Amino acid sequence: NLYMKKEIFPKALVQYKKVIDLDPGHAHAHNNLAVIYYRQEMYEKAWAHLLKAEAAGLQVHPEFKKELLKKIKEYRQTMLFLSSLELEGA
């Protein structure tokens, strides 16, 4: 996808979603959505699409998967910390 190569992620996102509407099991479209969501720091959505890409038979790059899991863990820890601060201030 030209938009992906040029890092025009909003337009690439629309294109990959259209592909998935036509073919819900399109592994490469799910993988590319995972990458786009990762770059947008939307790690939970990235993870969901990574899992769909794997379920469709794509071997996801193990370093990408490892890094995404790390980001999800960091994000969740941050959210727990922020939650605890809100409770203390209540």
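In what follows, every heavy atom counts, from backbone to side chain, and hydrogens, waters and symmetry copies are set aside. A quick note: this is a predicted structure, and the numbers were derived from the prediction, not measured.
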Asks: Is Met42 reachable from Leu51 through a run of hydrophobic residues whose side-chain heavy atoms are each under 4.5 Å from the next?
Replies: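 As far as the 4.5 Å side-chain criterion goes, Met42 and Leu51 are connected within one cluster.
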Asks: Holding to salt bridge (Lys or Arg N to Asp or Glu O under 4.0 Å), I want the full list of residues that pass it with Glu7, two or more places apart in sequence or in another chain.
Replies: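 Expected list: Arg39.
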Asks: Applying side chain to side chain contact (heavy atoms under 4.5 Å, CB included), can you list everything that pairs with Lys5, at least two apart in sequence or on another chain?
Replies: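 Expected list: none.
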Asks: Can you get from Met4 to Leu50 by hopping between Ile, Leu, Val, Met, Phe, Trp and Tyr side chains that sit under 4.5 Å apart?
Replies: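 Yes, same cluster.
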Asks: Between Lys70 and Glu63, does any side-chain N to carboxylate O distance fall below 4.0 Å?
Replies: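 The answer is no: the pair does not qualify as a salt bridge.
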Asks: Grouping I, L, V, M, F, W and Y whenever their side-chain heavy atoms are under 4.5 Å apart, do Leu85 and Tyr75 come out in a common cluster?
Replies: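 In one cluster: yes.
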Asks: When you compare the side chain of Lys73 with that of Gln77, does any pair of heavy atoms fall below 4.5 Å?
Replies: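 When only atoms from C-beta onward are counted, Lys73 and Gln77 do touch, with a gap below 4.5 Å.
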Asks: Using the side chain to side chain contact (heavy atoms under 4.5 Å, CB included) criterion, which residues pair with Gln59? Sequence neighbours excluded.
Replies: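 Partners of Gln59 under the side chain to side chain contact (heavy atoms under 4.5 Å, CB included) test: none.
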Asks: Please name the pair of heavy atoms, one in Ala56 and one in Ala27, separated by the smallest distance, quoted to 0.1 Å.
Replies: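 Nearest pair, atom of Ala56 first, then Ala27: CB-CB, 3.6 Å.
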Asks: Looking at residues at least two apart in the chain, or sitting in another chain, which of them share a ring-ring contact (aromatic ring centres under 6.0 Å, His included) with His49?
Replies: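 In terms of ring-ring contact (aromatic ring centres under 6.0 Å, His included), with neighbours along the sequence ignored, His49 is linked to His30, Tyr37.
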Asks: Who are the ring-ring contact (aromatic ring centres under 6.0 Å, His included) partners of Tyr3, not counting sequence neighbours?
Replies: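 Tyr3 satisfies ring-ring contact (aromatic ring centres under 6.0 Å, His included) with no residue once adjacent residues are dropped.
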Asks: Do Leu69 and Val60 land in one hydrophobic cluster if side-chain heavy atoms of ILVMFWY residues count as linked below 4.5 Å?
Replies: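 Yes, Leu69 connects to Val60 through the hydrophobic network.
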Asks: For Leu80, check side chain to side chain contact (heavy atoms under 4.5 Å, CB included) against everything at least two apart and list the hits.
Replies: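 Leu80 satisfies side chain to side chain contact (heavy atoms under 4.5 Å, CB included) with no residue once adjacent residues are dropped.
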Asks: Could I get the full list of ring-ring contact (aromatic ring centres under 6.0 Å, His included) partners for Phe64, not counting sequence neighbours?
Replies: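 Checked Phe64 against ring-ring contact (aromatic ring centres under 6.0 Å, His included); matches are Tyr38.
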Asks: Would you tabulate the side-chain donor-acceptor contacts of residues 13-20 under 3.5 Å, counting partners in other chains and residues two or more places apart, or write 'none'?
Replies:
{"from": "Tyr16", "atom 1": "OH", "to": "Asn32", "atom 2": "ND2", "distance (Å)": "3.1"}

Asks: Per the side chain to side chain donor-acceptor pair (under 3.5 Å) rule, what does the pair list look like for residues 19-28, sequence neighbours excluded?
Replies: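 Counting only pairs at least two positions apart or across chains, no side chain to side chain donor-acceptor pair (under 3.5 Å) contact touches residues 19-28.
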Asks: Quick check on the hydrophobic clustering: are Trp47 and Met79 connected, directly or via other members, by side-chain heavy-atom contacts under 4.5 Å?
Replies: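 Yes; Met79 is reachable from Trp47 via cluster members.
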Asks: Quick one: salt bridge (Lys or Arg N to Asp or Glu O under 4.0 Å) partners of Glu54, sequence neighbours excluded?
Replies: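 Applying salt bridge (Lys or Arg N to Asp or Glu O under 4.0 Å) to Glu54 gives Lys65.
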Asks: Got a second to check how far Thr78's OG1 is from Lys71's NZ, nearest 0.5 Å?
Replies: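 Taking OG1 in Thr78 and NZ in Lys71, the distance rounds to 10.0 Å.
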